[in-house]
Each structure stands twice: as structure tokens, then as C-alpha cells.
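Heads up, the thing below is written out as C-alpha cells.
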Amino acid sequence: MSNAEPQLTANFIRQMVAADVQENKHHGKVATRFPPEPNGYLHIGHAKSICLNFGIALENNGTCNLRFDDTNPEKESLEFMQSIETDVSWLGFAWTNKFHASDYFEQLYQYAVQLIEQGDAYIDDLTAEQMRLYRGTLTEAGKDSPNRHRPVAESLDLFARMRAGEFTDGQYVLRAKIDMASPNVNMRDPIIYRIRHVHHQRTGDAWCIYPMYDYTHCISDALEGITHSLCTLEFEDHRPLYDWVLDKLQTPTHPQQTEFARLQLEYTIVSKRKLAQLVTENHVNGWDDPRMPTLAGLRRAGVTPAAIRDFCERIGVTKKDAWIEMAVLENCIREDLNENAPRAMAVLKPLRVVIENYPADLVEQLHIPCHPQKPELGSRQVNFAKEIFIEADDFALIPPPKFKRLIEGGEVRLRGSYVIKCNQVIQDEEGNISELRCSYDPNTLGKNPEGRKVSGVIHWVAVADSLPAQLRLYDRLFCLPHPDSEENFLAALNPDSLEILDDCRVEASLATAQVGDGFQFERTGYFCLDEDSNCEKLVFNRTVTLRDTWTK
RNA sequence: UGGGUCGUCGCCAAGCGGUAAGGCACGGGGUUUUGAUCUCCGCAUACCAAGGUUCGAAUCCUUGCGACCCAGCCA
């Protein structure tokens with residue numbers, strides 16, 4: 001890829017890290033981590049976090065671990081873990097170490113024992129419902145559980161028996177003993193362990209008690225020597241708990257948690273639960289449907305890792321709730337593809353053109369540059385013959401104002417080829433245009449015609465050697481900018497998010513395209529060869545349209 | 001009514017007491033065998049509001065207003 005990585009602009013996290021390095025905090029080391037829960041596919045929102053965490057590490061010669069936050073086996077799976085590794089790698093990042101929160105289950109358990117011994121945690125047997133009542137509300141303090149002062153020895157015994165599997169799910173929990181009157185509800189004796197007789201994707205049946213996120217995350221960070229623990233805004237209220245646990249445990253290191261705003265992209269959603277719903281209810285064709293904001297979906301659509309990285313840099317990192325317009329992402333995609341995608345011609349809705357003054361037995365081998373601004377990319381062979389297809393939309397019987405394509409009696413340039421003139425329009429009984437009879441000017445190959453100006457240029461393919469193809473025209477998945485705030489986000493689904501064109505014709509040079517290869521089909525958009533292609537038919541997904549200032 | 005945050009151009013975003021970067025979008029001109037690209041020009045006397053401090057405030061203080069998050073044995 002020839003494009004340089006984006007210009008880095010200042011953001012508060014970069015500045016904080018730079019200041020820490022300057023002050024030799026953590027001995028000048030920078031260690032971050034990307035900690036996804038393997039309960040779904042990664043999406044564009046994760047890309048922001050990935051670019052931030054790996055980026056900060058890279059910029060400071062630091063390290064960045066991939067850590068699966070796998071403390072809730074009921075929702076997690078190996079399939080998701082695999083997809084996450086694939087996607088992070090595809091985005092262009094290499095983790096220093098790969099860890100799992102489950103790697104720390106034994107240490108987490110021992111730390112919990114320590115907490116109990118210190119009198120900082122206790123076993124409670126309140127039901128979930130009772131617990132909720134005791135917790136109070138946002139404006140009223142909670143009240144102490146009757147078990148809050150259970151003797152240490154008793155809690156220790158109960159905790160060991162929880163681990164041993166003596167109890168049923170929900171029968172007991174381990175709670176941190178903090179402050180039931182805290183204005184921060186997260187500090188009202190939060191649960192740190194619960195009983196779940198569930199098979200874990202990695203630890204199997206070794207455990208029937210699983211640690212909660214708040215308790216696990218900070219210790220995992222500390223054990224890995226993370227210096228900067230970056231997470232999203234909704235965890236701001238959890239930071240006091242993060243710090244409380246590490247302070248009580250006197251861990252060797254105490255990472256600094258810093259929160260930033262999660263990505264909100266217009267006309268899409270980044271809620272894993274809702275993305276999963278789109279998949280399971282078949283509103284899309286899987287997690288990698290090109291309309292999905294998942295990395296797998298973007299990849300299949302033909303979006304490049306560089307475009308996503310550029311996007312993540314451009315949107316910035318702040319603590320402000322911000323909505324990013326889809327145009328920003330599209331611009332990043334176009335900018336990268338314009339620079340790097342070879343050009344080709346594809347006719348979406350073919351209209352047969354017979355060039356009457358062109359010899360029937362002649363086939364000219366034209367060579368058209370793969371990129372108009374980059375001759376070094378070479379050229380491809382495109383054959384010209386008596387019968388060609390042009391885009392039905394490029395001809396108009398009754399042209400709209402300023403139409404500069406083909407009209408009856410008018411002239412137009414065939415891209416990379418000759419200027420043709422339309423002499424006759426053949427229509428069927430119903431008035432449909434079935435064919436155009438044209439003539440070409442032999443003196444216009446590679447040069448302008450004499451004595452007149454032809455401003456229109458249209459794409460074409462030869463009938464004989466063009467290839468049949470299916471083009472999938474994707475559009476935004478939702479027709480409302482903030483589908484997530486709708487009472488029913490499914491109602492905001494765009495009914496026209498996919499248009500399948502089955503009778504397209506593409507130039508012969510595309511026969512050797514590989515799955516995933518991206519092209520600019522001149523004048524129609526950027527496309528990517530899909531894995532559904534077979535020897536009978538090529539399948540291309542539209543990544544994004546070309547900018548269009550005419551139809552506006 | 002508790003706690004935690006945030007408010008700079010239509011959308012992002014720099015700015016960190018010395019007189020409003022940049023990107024996207026938008027409008028206009030030029031080049032062009034893609035109505036693409038490229039290129040040139042325009043686009044906040046103004047920083048949520050009102051007071052105050054200061055020679056000087058988007059930056060400091062005060063008071064309002066608005067928005068977002070938190071009461072899972074989810075993360």
C-alpha cells in the first residue's frame with residue numbers, strides 16, 4: 001500500500017502518555033491492552049479502540065496485549081475468539097502477548113481469599129431481588145446486608161465450598177465490603193464472584209465460580225504490567241472500584257484507567273446485542289454481510305485496513321459524545337481506493353450497440369492504463385469489436401438538461417477507445433430500447449476528433465469477450481441516522497440496502513481477479529470480488545460509490 | 001432529587017491566558033478520454049449562556065442552561 005499513514009493529531013490520551021513518559025512514570029514504559037469479550041464479532045467501534053491502544057503502544061515503543069475478557073462463559077465462544085484474532089491481525093496490528101482473563105482465574109481466586117482475610121470481602125446469600133432492594137437507588141443510600149459482618153473464617157469456608165461446587169447457581173456470592181451509602185452505586189458492596197455451573201470455553205469445568213468484570217479487569221491489567229488502561233466512558237463510574245481493588249490488594253503495579261468516548265457512526269449501530277440480532281433473525285446474511293459495521297463485513301465489502309485506520313485517526317479521541325457522519329468513513333475509503341484500486345470497466349445494465357461501419361471480423365486489442373494517474377501500474381488489454389455493451393443509463397431518448405452522454409444523433413467517447421455516434425435507436429413493440437445502431441470515427445483513437453468537441457465519456461465492454469457477473473449494490477443498512485435510539489431499531493432498516501444485479505458484464509481482464517481484490521469500475525464505483533464467485537459467474541460487492549456531483 | 005462526565009463552524013477536532021489549526025460536508029472557478037481524481041477559492045469578529053478576574057479570556061473564577069452515563073449475580 002502506497003499511502004502514508006495519516007498525520008497524527010494531538011488528543012488528550014496521547015498528551016497524557018507523552019507527559020507520563022516525559023516524567024519517567026512507569027520507568028518510561030508504555031503498556032496497553034485491547035480487551036474484547038469474545039461474545040461477538042469486532043466492529044468499527046472496536047477498531048477505534050484497537051487503533052488507540054495499539055497506536056499508543058507503537059508510538060511509544062511500548063507493548064500492547066490482546067486480552068480476552070472471558071469471565072462470562074454463558075455468552076462467549078471460541079468462534080468469536082478466532083474471529084477477533086483474525087480481525088485484529090487484518091487491521092494491521094500484532095499483539096505483544098495474547099492473554100485471557102481466564103489465565104488468571106487461580107490468581108484471582110487467591111486475591112479474593114486475601115480480600116476476605118483482610119476483612120474487605122464477604123460471602124452473601126441475599127437473593128438477586130433482595131440484593132437489588134438493599135442496594136438503594138440513585139438518590140437513596142443502600143443498607144448493609146445482614147451478612148456484611150459474617151466472620152472471616154466463615155466467609156473463607158463458604159468461598160472454598162463455592163469453588164468446590166457445593167452450592168447452586170445464585171446461592172452465594174462474594175462481595176467487596178466498601179460502602180453501602182456511597183453516592184456511586186458501583187461502590188455499594190459490588191459482587192465480585194458468582195456461582196455459575198457452566199462449561200467455560202477454555203477452562204472447561206475446572207471452575208463453577210467466575211469473577212466479575214470490575215474485579216477481574218483491574219487485576220488482569222496489574223498482572224500484565226499495563227501502564228495505561230484505556231476504556232470507554234461508561235466505565236468512568238467504575239474507576240473508583242478499579243482503584244479500590246488494586247489499593248486493597250497492594251498489587252505490584254497500579255495501572256491508570258482513562259476513559260474516552262466510544263464511536264457513534266450515523267446510519268449504523270454498534271451494539272453487539274443488536275448486531276447479533278440482525279444475524280440471528282436473518283436481516284443480513286451473517287456477521288460478514290457487507291452491510292454490517294463489523295470488521296468482517298467491512299472487509300468483505302472491500303474496505304481496506306488502511307482506510308479504517310485513517311478513519312480512526314481522523315475522528316479523534318475525546319470524552320465528548322460525538323456522532324460521526326458516514327461521509328467521513330466513505331471519504332477515507334474512497335481516498336484509499338482511488339489511490340490504490342486498479343480501474344476496470346463493468347456494465348451494470350447492458351445495452352447492445354452495433355457499430356455499423358466497423359468490420360465484423362475485426363477485433364482490436366486496446367491497452368488501457370490500470371490507473372489514470374499512475375502509469376507505473378501498467379495497463380490491461382481490452383478488446384474492441386463491432387458489438388459492444390454500454391450502460392443503459394448512458395443513453396437517453398429524451399435527455400435531461402446538461403446530459404452529456406449518448407443521445408440519438410449525438411456523439412460520445414467510449415473510454416479508452418473511439419468516439420461513436422448514435423444513428424438509430426431500435427425499440428421493441430413496447431417501446432423498450434433494445435439496441436443502438438452507431439458508427440465510429442476511426443480517427444479518434446487516442447486523439448480528439450477534428451472540428452468538434454465531444455465532452456461525454458462512457459464505459460463499455462465488447463459483447464464477445466466480456467464476462468457475466470453479478471454485482472451486489474450495497475447501501476446503508478438503516479435509513480435513520482440514529483437507529484439505536486429508535487424504540488424499535490429494526491423499523492429503521494433500509495429496505496433498499498441491497499440491490500442485486502444479475503446480468504452485468506465486466507471486461508475480460510477481470511477473469512484473473514482474486515477474491516478480495518478491489519477495483520474501481522470506472523464511473524460506477526469501487527467493487528471487490530466476493531467469495532461467492534465461481535467459474536460461471538463473477539460476483540462483486542460494491543464497496544462505495546464514486547463521489548457524484550452530477551446527480552446532486 | 002445522588003454520583004460521574006461533557007459542551008469550539010452542518011459533523012468531527014486542534015487550541016492549555018496573547019488575540020479561532022486541520023479534516024469531512026457544503027458553495028464556486030480551473031484541469032481532465034471516469035460528471036471520478038487533481039487543483040484553486042470561499043466557509044466561526046467567534047468558542048452553551050450570563051457575570052467576574054486580567055492590559056488581554058475559548059482558555060482562570062462564579063452562577064446558570066443543555067446533553068450523556070450509572071441502581072446486571074453483563075462487559
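What you see is a predicted model; the values in this text were computed from it and never measured. Sequence lines set the chain letters: A, B, ... in the order given, protein chains first and strands last, and positions in each chain run from 1.
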| said: When the P atoms of B:rA57 and B:rC47 are compared, how many Å lie between them, rounded to an integer? | reply: 12 Å
| query | At under 4.0 Å between heavy atoms, what does A:Phe403 touch on the DNA or RNA strands: base, sugar-phosphate, or nothing? | reply | base
| remark: When both distances are under 3.5 Å in a Watson-Crick or G-U wobble arrangement, the nucleotide paired with B:rG2 is B:rC70
| Reckon A:Lys320 has a side-chain N or O less than 4.0 Å from the OP1 or OP2 of B:rA67? | no
| query | Is there a Watson-Crick or G-U wobble partner for B:rG42 with both distances under 3.5 Å, and if so, which one is it? | reply | B:rC26
| query | For the pair made of CD in A:Glu259 and P in B:rG3, what is the distance, rounded to whole Å? | reply | 18 Å
| request: Could you check whether A:Glu266 gets within reach of a base, just the sugar-phosphate, or nothing at all, counting any heavy atom under 4.0 Å? | output: nothing
| query | Do any side-chain nitrogens or oxygens of A:Arg523 fall under 4.0 Å of OP1 or OP2 in B:rG35? | reply | yes
| request: Let me know the distance between CD of A:Glu335 and C1' of B:rC38, rounded to the nearest Å. | output: 12 Å
| request: Ignoring the backbone of A:Arg343, work out which of B:rG35, B:rA36, B:rC12 is nearest its side chain. | output: B:rA36
| How would nucleotides 68-75 of chain B be written as a contact map, 5' to 3', with B for base contact, S for sugar-phosphate-only contact and - for no contact, using protein heavy atoms under 4.0 Å? | SBBBSBSB
| Quick one: do A:Arg239 and A:Asp243 make a salt bridge, cutoff under 4.0 Å? | no
| request: Determine which nucleotide pairs with B:rU62, using a 3.5 Å limit on both distances of a Watson-Crick or G-U wobble pair. | output: B:rA50
| said: Walk me through whether A:Leu174 and A:Ile116 qualify under side chain to side chain contact (heavy atoms under 4.5 Å, CB included). | reply: CA-CA 9 Å; A:Leu174 178 65; A:Ile116 297 172; 3.7 Å; yes
| request: Tell me what A:Gln373 touches on the nucleic acid: a base, only sugar-phosphate, or nothing, going by heavy atoms under 4.0 Å. | output: base
| query | If you check the A:Glu325 side chain, which of B:rC11, B:rA25, B:rG15 turns out closest? | reply | B:rC11
| query | Separation of A:Ile420 atom CD1 from B:rU33 atom P, in whole Å? | reply | 18 Å
| query | Can you list, by residue number, the residues of residues 327-334 of chain A that have a non-hydrogen atom closer than 4.0 angstrom to RNA chain B? | reply | A:Ala327, A:Val328, A:Asn331
| Is A:Arg67 paired with A:Asp221 through a side-chain N to carboxylate O contact shorter than 4.0 Å? | yes
| field | Inter-nucleotide C1' distance (B:rC9, B:rG22), Å rounded | value | 13 Å
| message | Applying a 4.0 Å non-hydrogen cut-off, can you work out what A:Leu445 is touching in the nucleic acid: base, sugar-phosphate, or nothing? | response | base
| query | Are a donor atom and an acceptor atom from the side chains of A:Glu234 and A:Thr232 found within less than 3.5 Å of each other? | reply | yes
| said: Looking at A:Glu391 and A:Arg505, is any side-chain nitrogen of the basic one under 4.0 Å from a carboxylate oxygen of the acidic one? | reply: no
| ring pair (Phe, Tyr, Trp, His ring centres under 6.0 Å) partner of A:Tyr193, the single match among A:Tyr122, A:Tyr210, A:Tyr111, A:Phe159 | A:Phe159
| Under the ring-ring contact (aromatic ring centres under 6.0 Å, His included) criterion, do A:Tyr213 and A:Phe235 qualify, and how do the steps go? | CA-CA 11 Å; A:Tyr213 166 83; A:Phe235 292 105; 5.0 Å; yes
| query | In terms of the angle between their ring planes, are A:Phe105 and A:His200 parallel, tilted or perpendicular, with boundaries placed at 30° and 60°? | reply | perpendicular
| query | Within 45° of the ring axis of A:Tyr109 and under 6.0 Å from its six-membered ring centre, is that where the NZ or CZ of A:Arg163 lies? | reply | yes
| Distance, P atom - from B:rC24 to B:rU39, rounded to whole angstrom | 10 Å
| task | Can you tell me, in whole Å, how much space there is between the C1' of B:rA46 and that of B:rA21? | result | 15 Å
| Does the distance from a Lys or Arg side-chain N to an Asp or Glu carboxylate O, for A:Asp441 and A:Lys421, drop under 4.0 Å? | no
| task | Indicate yes or no: does A:Arg194 engage A:Asp169 in a salt bridge with an N to O separation below 4.0 Å. | result | no
| Distance test, side-chain N/O of A:Thr549 to OP1/OP2 of B:rG35, below 4.0 Å | no
| task | Tell whether A:Glu140 reaches the base of B:rG2 with its side chain through a donor-acceptor pair below 3.5 angstrom. | result | no
| message | Heavy atoms only, 4.0 Å cut-off, all strands: where does A:Thr318 land among base, sugar-phosphate and nothing? | response | sugar-phosphate
| request: Quote, to the nearest angstrom, the P distance that separates B:rC11 from B:rC26. | output: 15 Å
| Is it true that A:Lys374 and A:Glu339 have a side-chain N and a carboxylate O under 4.0 angstrom from each other? | yes
| query | Across the strands shown, which category fits A:Ser455 at heavy-atom distances under 4.0 angstrom: base, sugar-phosphate, nothing? | reply | nothing
| message | So that I can tick it off, tell me whether A:Lys177 and A:Asp189 are bridged by a salt bridge, with the cut-off set at under 4.0 angstrom between side-chain N and carboxylate O. | response | no
| task | Please work out if A:Lys447 contacts a base, only the sugar-phosphate, or nothing of the nucleic acid, heavy-atom cut-off 4.0 Å. | result | base
| message | For a quick check of understanding: with a heavy-atom distance under 4.0 Å over all strands, which category does A:Lys319 fall into, base, sugar-phosphate or nothing? | response | sugar-phosphate
| request: Check step by step if ring-ring contact (aromatic ring centres under 6.0 Å, His included) holds for A:Phe521 and A:Phe540. | output: CA-CA 10 Å; A:Phe521 288 165; A:Phe540 289 95; 5.0 Å; yes
| Nearest-angstrom distance, P atom, B:rA49 to B:rU8 | 10 Å
| query | What is the glycosidic conformation of B:rG17: syn, defined as within 90° of 0, or anti? | reply | anti
| message | Just the rounded figure in Å: distance from P of B:rU34 to CD1 of A:Ile390. | response | 17 Å
| task | Mind calculating the distance between NZ (A:Lys48) and P (B:rC12) to the nearest angstrom? | result | 11 Å
| Touch check for A:Gly456, heavy atoms < 4.0 angstrom, all strands: base, sugar-phosphate only, or nothing? | nothing
Which pairs, protein N/O on one side and nucleotides 28-31 of chain B N/O on the other, fall under 3.5 Å?
none

| B:rG7 to B:rC48 separation - C1' atoms, rounded to the nearest Å | 6 Å
| Interatomic distance, A:Tyr267 OH vs B:rC24 C1' [rounded to whole Å] | 15 Å
| said: So A:Arg239, base contact, sugar-phosphate only, or nothing? Heavy-atom distance under 4.0 Å. | reply: nothing
| request: Considering only NZ, NE, NH1 and NH2 on the basic side and carboxylate oxygens on the acidic side, decide whether A:Glu330 and A:Arg547 come within less than 4.0 Å. | output: no
| Starting at CD of A:Glu522 and ending at C1' of B:rU34, how long is that distance when rounded to a whole Å? | 5 Å
| field | Interatomic distance at P, B:rA50 relative to B:rC55, whole Å | value | 23 Å
| Starting at CD1 of A:Ile368 and ending at P of B:rU33, how long is that distance when rounded to a whole Å? | 15 Å
